[in-house]
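Whatever order the structure lists ligands and atoms in, that order sets their numbers, starting from 1.
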Amino acid sequence: MATILKHWREAATLIIAAKSKNIANRYSYEILMLKRSGKSKFMPSLSVFPGGVAEEADFSPEWMDVFSSIDNDIWTRTFAHFSKVGQGPPMFSRQRDEHFSKIPSEVAFRICAIRETFEECGILLTRSSNDNKINLLTEASNVSKNYGKIGNIGISDFEIWREKVDKDATQFIKMCQEFNMVPDIWSLTEWSNWLTPVTVARRSSGTDEGSKRRYDTAFFLCLLDTIPDAVHDDKETVHLQWSPPDELIKSHLESKVKLAPPQIYEICRFLNFKDIEELNEFCLTRINKRVTRNFPVPAVCDDGIFILYPGDDLYPEDPDIYGAKGPLIISGTLREIHQKYPHHNRYVLKDKESHRDFIYDVKFLCNVTQGDEHVIPVTDLSFLGMPRARF
Ligand SMILES: CCCCCC(=O)SCCNC(=O)CCNC(=O)[C@H](O)C(C)(C)COP(=O)(O)O
Ligand SMILES: Nc1ncnc2c1ncn2[C@@H]1O[C@H](COP(=O)(O)O)[C@@H](OP(=O)(O)O)[C@H]1O
Ligand SMILES: [Mg+2]
């Protein structure tokens, strides 16, 4: 079914936001970040949300039986919901081999995100038939909470199955059958979709082989009402941390945590929501909404390099997703360009020393909403004691 396409791999990642015990925090929840191993071929030593490449097992028709054996009625309604929820970005809507099209890709990428999360940090988001009240996505008006559910398979089995699933993704199906449970796909909100830019892919491998290091990644969000036990795998991931979004951004700006632009962009979106309950309400409004693909386009100008995102005045009409053309060159200085093209959805990667007075908060300039009506990142971090953006 080609999870490794010609130009990129398909992947899923899970942002977990859990209710914090620390009432002194400005934000009432903490986000899980995993630091990647320094040996990783892609984004070594960077902190990311748990996730990874989709496997054929995530799309297996066997999941039909696993879900219907738990509750056939709920599965039928869930299947119907995802089959008519709207087209979604290409990784969801593209044609797949018949064998891998039996379950909706909206379900398969959720399974992928939940499986990768279990492998990388031991959080198992599953529901069993005893959890009779599954919040139905299709019945939003009846739902007031959409928090995830942690499965319990007993401490002695836990690490054995974690290891088995890590080695072979088909074992996740076996594990669900054995314990009479299903991945808690209902608690995952489709949050965003990022396609790795071409230049990043080339740089991360040093050769054109780098095309293998591009990812079309579905980002999901899951809310939890308490911070669960979690331990990094000590292979692919070497450190695990829970932090409120403001502290994560602060740590990034202080170079204590290394984040890539998509993760910064997403964390800055969370700065809009102080309370986890506001986040929950926002998720409920998005049950029938789809995200649009974010494909960053790097641009070079007279005194700097910046990345353009959809909705920006300078974002190309026909972005070069396969990297056939060279980099986008725009004449003028950063300051001139920001003023001449005032609808911003851009991230300044580099500016010349002469422009040191040119202060950005998190280097984002964003004042436009995108086609998917998502919230935009908060870029003014003066409330965190960071200098206010001016240009
Ligand atoms: C000049 C432009 C610079 C732009 C810098 C970036 O945007 S780096 C982009 C890399 N990030 C992504 O592609 C976001 C999604 N990717 C991920 O979260 C992870 O890479 C992954 C797909 C979950 C990793 O998969 P693994 O199989 O390696 O775990
Ligand atoms: N001990 C380790 N250190 C660094 N990377 C590791 C690792 N064990 C596995 N990996 C890498 O993690 C990736 C699998 O991640 P995931 O399961 O999240 O998709 C694989 O990378 P490649 O996809 O580059 O081969 C694999 O090589
Ligand atoms: Mg991974």
May I have a table of the N/O to N/O pairs between ligand 2 and the protein that fall below 3.5 Å, each row giving the two atom names and the distance to 0.1 Å?
residue	atom	partner	partner atom	Å
ligand 2	1 (N)	K235	O	3.4
ligand 2	3 (N)	K235	O	3.3
ligand 2	15 (O)	E236	OE1	3.1
ligand 2	15 (O)	E236	OE2	3.1
ligand 2	17 (O)	E116	OE1	3.2
ligand 2	17 (O)	E116	OE2	3.2
ligand 2	18 (O)	G51	O	3.1
ligand 2	18 (O)	E116	OE1	2.9
ligand 2	18 (O)	E120	OE2	2.8
ligand 2	18 (O)	E236	OE1	3.3
ligand 2	18 (O)	E236	OE2	2.8
ligand 2	19 (O)	V53	N	3.0
ligand 2	23 (O)	R9	NH1	2.7
ligand 2	24 (O)	R213	NH1	2.4
ligand 2	24 (O)	R213	NH2	3.2

For this session: Identify, by atom number and element, the atoms of ligand 1 in contact range of A11, meaning under 4.0 Å from any of its heavy atoms.
Result: 22 (C)
Problem set entry | Atom indices of ligand 1, in the order listed, that fall short of 4.0 Å to a heavy atom of V53 | 27 (O)
Exercise. What about F109 and F59, are their ring centers closer than 6.0 Å?
Worked result: yes
Seminar exercise, completed: Exactly one of Y265, F270, F49 clears ring pair (Phe, Tyr, Trp, His ring centres under 6.0 Å) with W191, and that residue is F270
Problem set entry | Aromatic ring proximity H374/F282, centre distance under 6.0 Å | yes
Seminar exercise, completed: Those residues at least two apart in sequence (or on a different chain) that pass salt bridge (Lys or Arg N to Asp or Glu O under 4.0 Å) with D73 are R77
For this session: Please test D184 against R127 for salt bridge (charged side-chain N to carboxylate O under 4.0 Å, His left out), starting from the C-alpha separation and ending with a verdict.
Result: CA-CA 6 Å; D184 183 12; R127 282 179 182 264; 2.9 Å; yes
Problem set entry | Proximal ligand 1 atoms for Q263, defined as those under 4.0 Å from one of its heavy atoms | 18 (O)
Problem set entry | Contacting atoms of ligand 1, where contact means under 4.0 angstrom from a heavy atom of L349 | 1 (C), 3 (C)
Exercise. Hey, do the aromatic rings of W194 and Y215 have their centres closer than 6.0 Å?
Worked result: no
For this session: Go through the steps to decide whether F42 and T196 satisfy the test side-chain contact (heavy atoms from CB on, under 4.5 Å), and finish with yes or no.
Result: CA-CA 11 Å; F42 186 68; T196 317; 4.0 Å; yes
Exercise. Do Y309 and Y347 make the cut of ring centroids closer than 6.0 angstrom?
Worked result: no
Exercise. Atoms of ligand 1 less than 4.0 Å from F42 heavy atoms?
Worked result: 10 (C), 20 (O)
For this session: For G51, take its heavy atoms, then give the atoms of ligand 1 lying under 4.0 Å from any of them.
Result: 23 (C), 29 (O)
Problem set entry | Residue part near ligand 1, for I307, under 4.0 Å between non-hydrogen atoms | side chain
For this session: May I ask you to check if ligand 1 and T196 share an N or O to N or O distance below 3.5 Å?
Result: yes
Problem set entry | Mode of V48 contact toward ligand 1 - side chain, backbone, both, neither (heavy atoms, under 4.0 Å) | neither
For this session: For R162 and E119, work out which heavy atoms get closest and say how close.
Result: NE-O, 3.1 Å
Exercise. If you leave out waters, which protein N, O or S atoms are less than 2.8 Å from the Mg ion (ligand 3)?
Worked result: G51 O, E120 OE2, E236 OE2
Seminar exercise, completed: Among Y215, W8, F219, the residue with a heavy atom nearest to atom 22 (C) of ligand 1 is Y215
Problem set entry | Listed partners of K235 passing side-chain hydrogen bond (donor to acceptor under 3.5 Å, both in side chains), at least two apart | D166
Seminar exercise, completed: Restricting to heavy atoms, the pick from E10, E236, M43 nearest atom 17 (C) of ligand 1 would be M43
For this session: Check whether the side chains of N193 and D216 place a donor and an acceptor atom closer than 3.5 Å, and report yes or no.
Result: yes
Exercise. Using the ring of each side chain (for Trp, its six-membered ring), is W63 parallel, tilted or perpendicular to F67, with breaks at 30° and 60°?
Worked result: tilted
Exercise. So, for F118 and F158, is the gap between ring centers shorter than 6.0 Å?
Worked result: yes
Exercise. Does ligand 1 have an atom that lies less than 4.0 angstrom from a heavy atom of P262?
Worked result: yes
Problem set entry | Atoms in ligand 1 flagged as close to G52, the criterion being non-hydrogen separation under 4.0 Å | 23 (C), 25 (O), 26 (P), 27 (O), 29 (O)
Problem set entry | Proximal atoms of ligand 1 relative to R36 (non-hydrogen, under 4.0 Å) | 24 (C), 26 (P), 28 (O), 29 (O)
Exercise. Does the pair D58/R115 count as a salt bridge with the N-to-O cut at 4.0 Å?
Worked result: yes
For this session: Determine, using ring centers only, whether W242 and Y29 are less than 6.0 Å apart.
Result: no
Exercise. Do the side chain of E336 and the main chain of T333 share a donor and acceptor less than 3.5 angstrom apart?
Worked result: yes
Problem set entry | Considering all heavy atoms, the nearest L240-H232 contact | CD1-N, 3.6 Å
Seminar exercise, completed: To atom 6 (C) of ligand 1, the nearest of A54, A113, P261 on a heavy-atom basis is P261
